[in-house]
Amino acid sequence: MTTPVALDYVARLAPYVPGKPIEDVARELRLDPSTIVKLASNENPRGPGPAVRRALSAATEELMRYPDGNGFALKAALASRYGVTPDEIVLGNGSNDVLELVTHAFLRPGDSAVYSRHAFAVYPIATQARGAAGIEVAPARDLGHDLAAMRAAIAPSTRIVFVANPNNPTGTWLAPAAVEAFISSVPEDVLVVLDEAYNEYLEPEQCAPSAAWTRKHANLIVSRTFSKAYGLAALRVGYGIMNAQVAEMLNRVRQPFNVNALAQAAALAALGDTAYVEESRALNTAGRATLEEGFRRLGLAYVPSHANFVMVKVGDAGRIYQRLLEQGVIVRPVANYALPEWLRVTVGVRTENRRVLEALERALTG
Ligand SMILES: Cc1ncc(COP(=O)(O)O)c(C=O)c1O
């Protein structure tokens, strides 16, 4: 039997490797799932707040209806929060969807996209899936983006530059002035995708006025998500803020109902519950300090983080990862990011942070 042949650039794609699910670890290592700690996917360990739970429960009354394909209420709330109009917002099935919509609308074979070494894995995947070439800028600067080198790497074929701020998996951060200077330096016919998935974890004074920048730079797309600080990763909802004409292009290739009704209702409630997000940020800042302190105590190098995870250098990361799994602690190997000696640990609640540090000590000494 022969199977139909896929596009060559699709066949060559290395698929995204997600964090290992709790159920898999429980099954494979015969552990009780309720005892397993997952700090592998940069989720909010508190989950959503009470306002979201109420909104979800109300939304289940209408499960027979298609969602609002235009996301009217959620876009209106986002527009009012960020001082833009609803037609400058595109909703996505997670911000991952927004990244893919950009490549769908703007990349074709022969084009290229620029991104940093150790930057979020979806940039090369979404680029290659369109038959375009990825230009990876290396070496990174202290494991973060080297903006000058990224500017220099822009080629005549380049249509998109991806900048993650803060970056996953390194947790590195670029000051707003440097990012804006970079955007101003990029040719106007090249899109800059500024991925701010972890924006809500920054201290308020570190946050860039990036939504306002989209009014000055028609080639800027800011992407954000409800998966991280808002605690809605399971529902898949993110958004992009951009020039209305660029948004119109993304909407042409967007599935009509790409964000489901429960996700829209939950995101709207989460956006309104600013106190809950603020508590999550404070809990994260404290938990991140605990992890960093613990790594110092264990004599391990780590990258000071601006997000809800910390990358720590453990040496033989594959072996340490396995030893952590055996103790019911799931973290994230980052060898696929050209960082074979490092592990990425998501900040959990207090008990989870203690648990990962204890397990790590045993894994290193055992
Ligand atoms: C930098 C960055 N951007 C985007 C995403 C995509 O998240 P989502 O599709 O859940 O919004 C992630 C998820 O880990 C991320 O780390």
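Scope of the values below: all heavy atoms of this structure, side chains included, with no hydrogens, waters or symmetry mates.
A donor atom on one side chain and an acceptor atom on the other are not found under 3.5 Å apart for Asn260 and Gln264. Side chain to side chain, Asn308 and Asn44 fail the donor-acceptor criterion of an N or O pair below 3.5 Å. Thr85 and Glu88 share a side-chain donor-acceptor pair at under 3.5 Å. A donor-acceptor contact closer than 3.5 angstrom is absent between the side chains of Ser157 and Asp111. A side-chain donor-acceptor contact under 3.5 Å links Arg46 and Ser280. There is a side-chain donor-acceptor pair under 3.5 Å between Ser210 and Glu196. Between the side chains of Ser95 and Ser223, no donor N or O sits under 3.5 Å from an acceptor N or O. Thr170 and Asn167 share a donor-acceptor pair across their side chains, judged by distance under 3.5 Å alone. Asn168 and Arg344 are linked by a side-chain donor-acceptor pair at a separation below 3.5 angstrom, with hydrogens and angles left out of the test. Side-chain contact of Asn353 with Arg350: a donor-acceptor pair under 3.5 Å is absent, judged by distance alone.
Val114 and Val193 fall into different hydrophobic clusters, where Ile, Leu, Val, Met, Phe, Trp and Tyr side chains are chained together by heavy-atom contacts under 4.5 Å. Connection of Leu235 to Leu74 is established within a shared hydrophobic cluster, with ILVMFWY side chains joined at heavy-atom distances below 4.5 Å, either directly or through further cluster members. Cluster annotation: Ile36 is connected to Leu343 through the hydrophobic network of ILVMFWY side chains, with a link wherever side-chain heavy atoms come within less than 4.5 Å.
Judged by distance alone, the side chain of Glu100 and the main-chain N or O of Asn96 form no donor-acceptor pair under 3.5 Å. A donor-acceptor pair under 3.5 Å links the side-chain atoms of Thr225 to the main chain of Ser227, judged by distance alone. The closest donor-acceptor contact from the side chain of Arg53 to the backbone of Pro48 lies under 3.5 Å. Without hydrogens or angle criteria, Asp142 side chain to Gly144 main chain gives no donor-acceptor distance under 3.5 Å. Distance alone, capped at 3.5 Å, places no donor-acceptor pair between the Gln322 side chain and the Arg319 backbone. Under the 3.5 Å distance criterion, the side-chain polar atoms of Thr35 are left unmatched by any main-chain donor or acceptor of Leu31. Side-chain N or O atoms of Asn284 include none that pairs as donor or acceptor with a backbone N or O of Tyr201 at under 3.5 Å. For the pair Thr285 (side chain) and Arg281 (backbone), a donor-acceptor distance under 3.5 Å is present. Not a single donor-acceptor pair under 3.5 Å links the side chain of Arg141 to the backbone N or O of Asp146.
Considering Asp87, Leu250, Val222 as possible partners of Met242, the one that fulfils the side chain to side chain contact (heavy atoms under 4.5 Å, CB included) test is Leu250. For the side chain to side chain donor-acceptor pair (under 3.5 Å) with Asn258, the qualifying choice from Asn93, Asp97, Asn251 is Asp97, the only one to do so. The side chain to side chain contact (heavy atoms under 4.5 Å, CB included) test with Pro187 is passed by exactly one of Val161, Thr158, Ile154: Ile154.
Nearest heavy atoms, Ser112 versus Leu107: O-CD2, 3.9 Å. Contact record, Ala73 with Leu268: O-CD1, 3.7 Å, taken as the closest heavy-atom pair. Between Pro166 and Trp173, the shortest heavy-atom contact is CG-CD1, 4.4 Å. Of all heavy-atom pairs spanning Glu292 and Val303, the tightest one is OE2-O, 4.2 Å. Contact detail for Thr346 and Leu291: the closest heavy-atom pair is O-CD1, 4.1 Å.
Aromatic rings from Tyr198 and Phe309 are positioned such that their centres are separated by under 6.0 Å.
At least one test fails for Arg117 against the ring of Tyr337: distance under 6.0 Å to the centre or angle within 45° of the axis. Because its NZ or CZ atom is not both nearer than 6.0 Å to the ring centre of Tyr239 and within 45° of the ring axis, Arg224 does not count as a cation-pi partner of that residue.
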- prompt: Going through the checks in order, is the side-chain contact (heavy atoms from CB on, under 4.5 Å) test met by Met150 and His145?
  reply: CA-CA 8 Å; Met150 289 178 71; His145 294 27; 3.8 Å; yes
- request: Begin from the C-alpha positions of Thr214 and Tyr82 and carry the test side-chain contact (heavy atoms from CB on, under 4.5 Å) through to its verdict.
  value: CA-CA 11 Å; Thr214 64; Tyr82 294 113; over 6 Å; no
- prompt: Are Val137 and Tyr115 close enough, and set up right, to give a side-chain contact (heavy atoms from CB on, under 4.5 Å), and what steps lead you there?
  reply: CA-CA 6 Å; Val137 179; Tyr115 43 79; over 6 Å; no
Using distance only, find each side-chain donor-acceptor pair of residues 3-22 under 3.5 Å and give its atom names and separation, not counting sequence neighbours.
from  : atom 1 : to     : atom 2 : distance (Å)
Tyr16 : OH     : Arg332 : NH2    : 3.2
Lys20 : NZ     : Glu28  : OE1    : 2.9
Lys20 : NZ     : Glu28  : OE2    : 3.3

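With sequence neighbours excluded, the residues satisfying salt bridge (Lys or Arg N to Asp or Glu O under 4.0 Å) with Glu62 are Arg65. Legend: residues meeting ring pair (Phe, Tyr, Trp, His ring centres under 6.0 Å) with Tyr123, ordered by chain and number and at least two apart, are Phe120, Phe162. Qualifying salt bridge (Lys or Arg N to Asp or Glu O under 4.0 Å) partners for Arg54, counting only residues two or more places apart in sequence or in other chains: none.
Under 4.0 Å is where a charged nitrogen must lie from a carboxylate oxygen, and between Glu248 and Arg252 at least one such pair does. By the 4.0 Å N-to-carboxylate-O rule, Arg355 lies too far from Glu352 to be salt-bridged with it.
Among residue pairs with one or both ends in residues 71-81, none qualify as salt bridge (charged side-chain N to carboxylate O under 4.0 Å, His left out); sequence neighbours excluded. Judged as a ring-ring contact (aromatic ring centres under 6.0 Å, His included), not a single pair has a partner in residues 86-110 (not counting sequence neighbours).
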